[in-house]
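Notes to accompany the following structure.
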There are 2 protein chains.
Amino acid sequence: MQVDSETAGKMTENTAVRRQPTQARARARVEKILTAATELIERTGSDQLRMSEIAARAGVPIGSLYQYFPDKASIVRTLAERIMLRVREGLRESLADVESVEDALGRLDNLLEGYYAMFLMEPVTRDIWSGTQSDKDIQDMDIEDSRENARIVAGALKPFVPKKEHARLDTVCFLLMQLTGAAVRLAIAVDRKEGDRLVAEYGRMLRLEYEAFLPDGI
Amino acid sequence: MQVDSETAGKMTENTAVRRQPTQARARARVEKILTAATELIERTGSDQLRMSEIAARAGVPIGSLYQYFPDKASIVRTLAERIMLRVREGLRESLADVESVEDALGRLDNLLEGYYAMFLMEPVTRDIWSGTQSDKDIQDMDIEDSRENARIVAGALKPFVPKKEHARLDTVCFLLMQLTGAAVRLAIAVDRKEGDRLVAEYGRMLRLEYEAFLPDGI
DNA sequence: TTACAAATGTGAGGGATATTCATATTCGAA
DNA sequence: TTCGAATATGAATATCCCTCACATTTGTAA
């Protein structure tokens, strides 16, 4: 008896990794592959990413790529996932031990600036992130990512928000996470000067939205 | 003498149509091709779009596709462009002859609802629009489209906004056009109930932003 | 009506890439 | 040391976009 490969192939394979590398050499290989992919994206953009070039640069045969990644998209997806995790860690750290409303809002301002700066300064990150919207699976990841991030932000604000507003706060934070992504993507797609203006305007909107949840006297 | 085809090919060819069809049969063909592409996208999504299938369904040979479209992306781009134009026309009509601030804000509310409804009801439009973010060229088109739409919206509001705020209004409208796209894309990506909530929240934000430009007493 | 150039039509085949798979090699536990 | 499991390998296969040399149709001027 044997699984119908047709069926197995069609199943939504959400794990980016085909085979879990247990041995050290295998884990090292996965890293070499990801590093090579990153470097190639840096040189030529993710559009021009070729499996053969990844293999050559990583010093592994083509077959090895498929040992750990089911397809090319999953390599990029893994890189995107790492970016998301990095951002999320930053979010967690930045919003830890918030002491007051002003404190929280100030930190959120800084986060937006940092997010924008990150994409401005890191071409690879920017490329992967923009290309991010091309892949259906990454879009789903991105939405889940926003849910996670929304939990963190909402969690940081909840102490200052009336309990009966908490559910709405969750919804709004989720929405704002996605809007933030859109705003920053727009800002990095236009020239620097206009991008700065757009981020500034967006930052203002964001602050107003958050403030709307706070009790009147702030 | 003859144009170096290499050079001609590399030039950023922004026109989606390679050869302007002047004869009636040619124009009919272009429509048949676009119709076939639309139907295929409806069936299988734009990811699975194949030039061979477009040709088969349109009842034309492969070569004919390339008679009018330089590549596959340009077919999808043409469809996306039509959607953008349709939306823009709706925007123009809806914002013509605004009579008062309340009038304008009400119409903008309706537009958001209509936009959301359009994507909910038209799977092809939704697919093309989501897939829209995959193509660099379409992303650029989308940004330009937002600039156009922003002009229309800002134009409708300017009579009620102090002149010195006009420049900022332009920036904000541009930003809001992109954010609206992001919000609606998110709303159609999640389940209907959550989507409705998200659109409602976004509509509220949007209204607040516009109101912020109006003189105090409204 | 005829003739001819321009426009349009045609589809087998070239070329570029992603992915598979049968086989070889290496690893780690007993 | 031994053997099954894990990993490595890359030639071969599969898929698909797009080209191009040649055929046919259309419009127009004589």
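These numbers were taken from a predicted model, which means no experiment stands behind them. Every chain is numbered from 1, with letters handed out A, B, ... down the list of sequences.
Residues from residues 32-55 of chain A with heavy atoms under 4.0 angstrom of DNA chain C, sorted by number: A/Leu49, A/Arg50, A/Met51.
Computed from coordinates, the B/Asp71 CG to C/dA16 P distance equals 17 Å when rounded to whole Å. Atom-to-atom, CD of B/Gln67 to C1' of C/dT8 comes out at 6 Å; the value is rounded to the nearest Å. Taking atom CD1 of B/Ile62 as the reference point, atom C1' of D/dA21 lies 17 Å away to the nearest angstrom. The separation between A/Lys72 atom NZ and D/dT15 atom C1' is 14 Å, rounded to whole Å. The separation between B/Leu65 atom CG and C/dT10 atom P is 11 Å, rounded to whole Å.
Using modelled atom types, no side-chain atom of A/Arg77 and backbone atom of A/Ile138 make a donor-acceptor pair closer than 3.5 Å. In terms of modelled atom types and a separation under 3.5 Å, the side chain of B/Ser64 and the main chain of B/Val60 share no donor-acceptor contact. Proximity of a side-chain donor or acceptor of A/Arg168 to a complementary backbone N or O of A/Phe213 within less than 3.5 Å is not detected. Looking at B/Tyr116, its side chain does come within 3.5 Å of a backbone N or O of B/Asp196 through a donor-acceptor pair. In this structure, A/Lys32 contributes its side chain and A/Arg57 its backbone to no donor-acceptor pair below 3.5 Å.
Put simply, A/Arg29 has a side-chain N or O that comes within less than 4.0 Å of OP1 or OP2 on D/dT9. Side-chain N/O atoms of B/Tyr66 include one lying less than 4.0 angstrom from OP1 or OP2 on D/dC18.
Side-chain contact check for B/Thr180 and B/Tyr115: no donor-acceptor pair (N or O, by modelled atom type) lies under 3.5 Å. Judged by distance alone, the side chains of A/Asp71 and A/Tyr66 never bring a donor and an acceptor atom under 3.5 Å apart. Between the side chains of B/Glu201 and A/Thr171, no donor N or O sits under 3.5 Å from an acceptor N or O.
Bending across the helix from C/dT1-D/dA30 to C/dA30-D/dT1, expressed as the angle between its end axes from five pairs apiece, amounts to 10° (10° rounding).
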